[in-house]
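Within every chain, numbering begins at 1; the chains are lettered A, B, ... in the order of the sequence lines, protein sequences first and strands thereafter. Predicted model only: the values in this text are computed from it and were never measured.
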Amino acid sequence: MTQTMEPQYNPQVIEPEIQQRWEEQQTFKVKEDFSKEKFYCLSMFPYPSGRLHMGHVRNYTIGDVISRYQRMLGKNVLQPIGWDAFGLPAENAAVENNIAPATWTYANIDHMRAQFKRLGFAYDWSREFATCKPDYYRWEQWLFIKLYQKGLVYRKNAIVNWDPVDQTVLANEQVVNGRGWRSGALIERREIPQWFIKITAYADELLDGLDKLEHWPEQVRTMQRNWIGRSEGLEIHFDVVNDDTPIEIFTTRPDTLMGSTYLCIAPQHPLAQRAAQASPDIQQFITACQHVQTAEAALATLEKQGIYSGFEAIHPLSGEKLPIWIANFVLMEYGTGAVMAVPAHDQRDYEFAQAYQLPIKQVITPTGNAACDLAHAAFTEQGILQNSGDFDGMDFATAFDAVETALQRLGKGKRQTHYRLRDWGVSRQRYWGAPIPIIYCDACGTVPVPEDALPIVLPEDVSFEGKGSPLRNITEFYHTQCPQCGKDAHRETDTFDTFVESSWYYARFACKNLDKAMLDDRVKYWTPVDQYVGGIEHAVMHLLYARLFHRLMRDEGLLNSDEPFSRLLTQGMVLRDGAKMSKSKGNTVDPDALIAKFGVDTVRLFAIFAAPPDQSLEWSDSGVEGCYRFLKRVWAFAYDHHDELKNFSADVRHNSNPSIDWNDVPRSLTSIRREMNELLKQARYDYQRQQFNTVVSGCMKLLNLLYKLIEINEPGYEPAHQLIMHKCFSIILRLLSPIAPFMTQYLWQELGFGELIVDAHWPKVATDALRTDQIELVVQINGKLRSRITVPANADQTSIETAALTDKKIQQHLQHKECHKIIVVPNKLVNLVVQ
RNA sequence: GCGAAAGUGGCGGAAUUGGUAUACGCGCUGGAUUUAGGUUCCAGUGGGGGCAACCCCGUGAGAGUUCGAGUCUCUCCUUUCGCACCA
């Protein structure tokens, strides 16, 4: 404890001092003591976009609060950080500023690293890495080849957005209203060969695994379930009149089969192509469909259009001839490229049938006597079959089986499990990404790069104009020899989707410098990640791909668990004036400016206090000032307390608990002590359930309590008074330290509590302090609050009822009325039910 | 369009299991300190009525279950997120 203390809170002086000390002492460098209980806390690593925004500050503060809290609980905590360094923005910046994507990326990383350090996050910086470095991405190239050998990756044609003016492939984000964002040209669908990872081979496991992720938010699990979309249905074949190839469809509603009045096929369906040869109108329609965007949202809101193909299908059971239509909303690449239309019982089919005057045939009637009016909408619920021949009168389940049996007998259909989930296309026609390790040889075909030839290094020193990949023009990259026959060959110029890098980085943090393998046994100690923190926008894609990669690595024998993230916290967005903070909206707040004005602790405190972690946070300048005011009040209290401390008993000063008989202490003091312990109990619970905003409220209440305590004067009971005060302040500092680590560290030492507060014991509740002999109960009449009574804590039901009924206010209310029933909720209330 | 959430004072939010609605903070009003502004401190603050005791209303809208609903169920409205090449 120092002799003097600054009266003014000056974060600009203390924060850099403490930051320097953490760095010098390597306070947060993790010790690999495998005998200790570990806690791996990870926030989704940032894309190095330039500067930190408030969303970053919030995300990484939440992760840091959890890390520091877990460390104070005594665990061996790993909290690493790195950079998701490949991506499209670097290419855009390269075009705009005439700078190589690598140069731009590394400069951003340097800037953001300095910002992270200023924010005081308890990272183990020795494990930092960037995914754009060959010693990282070489291992995903290695894994890709392993998957190739196992048949888990394959190449097939897939659609991209093609900008015919810029002669380049555009991301969905770069297509605005169907046009290229730079060229303004109408985008075309173009089919090119691309690499896919067979995520569908893991569909069942990814789906079933969700049930075990009990510490994930239910909404995320539901979204993933729906994304995978497992459904049971029938695959049905329709023969085509005057054509050899039958049309295959999948339906989850075979009970409506007899109500099918037409079929729809995709414009790219082979049959549609044949139809186009005979009809210029059909050809024109198909050409127009070339401009349908690839994004599903655009597709779904599209005006449904179609044209009769001239072909007819034969209904597999009735033999009826059904017209085959070509429709813009049916996609060749998903499913079979054809659907059976049942306009009476599917809303989309209904609208299409109305628009093109196609017949609507009702085959399902509601159960019971419920009305069913097909004049305005389809009836889409399950019911009882009618107009369906032998199937009439059956319910959904019976009809499902009967239709299946009937079709199977004819060889025209069978039961099938269908997934909405599609295989993961990982090819990107871009420069700034990890090269896909494949070689194309005229003689040998597609040849994977041999393991000992990895990594395939991406040249960083390139001139980048944004028109196609520069890799095609770099001879020493593009031209190579075939690993099998040695003849001239060329490399794949596509790079990996950046989701590949972010799918396994969490595991690499366990063994960052390893150059002999992707992972080693250390990963078995550290994974799974105990706490993962990140935005809800990643609920499906990133989190599903990481769950896939974890299993792929497990099946390579690199890991011994099934899931990458045991617990997930999805934090909300930072809003200002009700809209997401973003450069384009011009409503951002610069964290650096705030830190310069208030210090880091205030910024962190606000990020935590303003909203619960999983909800959106509304920015408020005056709210930040309120947080600053609170920290100043803490400092002011500490300053006075520091001054008073020399008058305190040696026991209290040295934090050795003096023995005090609390039964002998006046109620004015014991009630403060009880309140303090109740607030502590609540704060511990709030930490556990990760509701950190109310932890801050609790600390504010504790400080208010201390100011109340100062006003109390009980001569002869100074030791108890001092003890409560000193203890209460040490509790405030510890509860607050994960959130405002700088000030609390400074005061912890200044007031002689110890050295590093992050190594202090987490405060415990004195349960004896919570005991009370009298309790207050609320008395309600018909659920409305009418009075309060005080009863002994151990009062029985009868005496509580008597106390409630004889209460003066209650008697006034009960005049001339009869009480039927009394409900007593222990420790809470009494409700009198009155006529 | 499909999938997932959210809606509580002037504002951010609290209310652990269905049990005292609005804790804590901001803002505002009044007062103290200060030459002044700022800072700091004290008091008040959901709406309506009443001299007062106190009463009525009140958690997006409407219904329902219950002794009791912000919390559970249904319908609707609004906002946000995701939709496979932004990350």
Inset, instruction - With the side chain of A/N226 defined as its heavy atoms from C-beta on, choose the nearest nucleotide among B/rA4, B/rU20, B/rC24. - result: B/rA4

Legend entry - Minimum-distance nucleotide (side-chain atoms of A/K821 versus B/rU16, B/rC67, B/rA87): B/rC67

Legend entry - Nucleotide of B/rG12, B/rA5, B/rA87 approaching A/Q219 most closely (side-chain heavy atoms): B/rA5

Inset, instruction - Rounded to the nearest angstrom, tell me the gap between atom NZ in A/K808 and atom P in B/rA53. - result: 16 Å

Inset, instruction - May I ask you to evaluate whether A/N693 reaches the phosphate of B/rG12, defined as a side-chain N or O under 4.0 Å from OP1 or OP2? - result: no

Please table the atom pairs, donor to acceptor, closer than 3.5 Å between any side-chain atom in residues 533-548 of chain A and protein atoms at least two apart or in another chain.
unit_1 : atom_1 : unit_2 : atom_2 : d
A/H542 : NE2    : A/Y532 : OH     : 2.8
A/R547 : NE     : A/E563 : OE1    : 2.9
A/R547 : NE     : A/E563 : OE2    : 3.4
A/R547 : NH1    : A/L206 : O      : 3.1
A/R547 : NH1    : A/Q224 : OE1    : 2.8
A/R547 : NH2    : A/L206 : O      : 2.8
A/R547 : NH2    : A/E563 : OE2    : 2.9

Inset, instruction - Among the candidates B/rG13, B/rA87, B/rC54, find the nucleotide nearest to the side-chain atoms of A/Q615. - result: B/rG13

Inset, instruction - Give the ring-plane orientation class for A/W635 versus A/Y9, where under 30° counts as parallel, over 60° as perpendicular and anything between as tilted. - result: tilted

Inset, instruction - Ignoring the backbone of A/K784, work out which of B/rC56, B/rC86, B/rG19 is nearest its side chain. - result: B/rC56

Inset, instruction - Indicate whether OP1 or OP2 belonging to B/rU39 is found under 4.0 Å from a side-chain N or O atom of A/Q8. - result: no

Legend entry - Pair A/R225 + A/E218: basic N to acidic O under 4.0 Å: yes

Legend entry - Syn-anti status, with the boundary at 90° from 0, for the nucleotide B/rG9: syn

Inset, instruction - Round to a whole Å and report the spacing from CG of A/N172 to C1' of B/rG82. - result: 13 Å

Legend entry - Given B/rC24, B/rC86, B/rA14, the nucleotide with the shortest approach to the side chain of A/P612: B/rA14

Legend entry - Options B/rU16, B/rC24, B/rG68, nucleotide nearest the side-chain atoms of A/N831: B/rG68

Legend entry - Identity of whatever pairs with B/rA52 - Watson-Crick or G-U, under 3.5 angstrom: none

Legend entry - Aromatic ring pairing A/F86/A/Y137, orientation class (parallel under 30°, perpendicular over 60°, tilted between): tilted

Legend entry - Base B/rU40 paired with A/R633 side chain (donor-acceptor, <3.5 Å): no

Inset, instruction - Could you tell me whether the phosphate oxygens of B/rU80, OP1 or OP2, come under 4.0 Å of any side-chain nitrogen or oxygen in A/K580? - result: no

Inset, instruction - Can you tell me, in whole Å, how much space there is between the P of B/rU71 and that of B/rG60? - result: 8 Å

Inset, instruction - Identify which nucleotide among B/rG1, B/rU40, B/rA14 has an atom closest to any side-chain atom of A/R629, counting heavy atoms from C-beta outward. - result: B/rU40

Legend entry - Pair partner, B/rC86 [Watson-Crick or wobble, under 3.5 Å]: none

Legend entry - A/M573 side chain, from C-beta outward: closest of B/rC24, B/rA21, B/rC81: B/rC81

Legend entry - Out of B/rG1, B/rA15, B/rA23, whichever nucleotide has its closest atom nearest the side chain of A/S697: B/rA23

Inset, instruction - Mind telling me whether A/W619 and A/F606 have parallel, tilted or perpendicular rings, with 30° and 60° as the class edges? - result: perpendicular

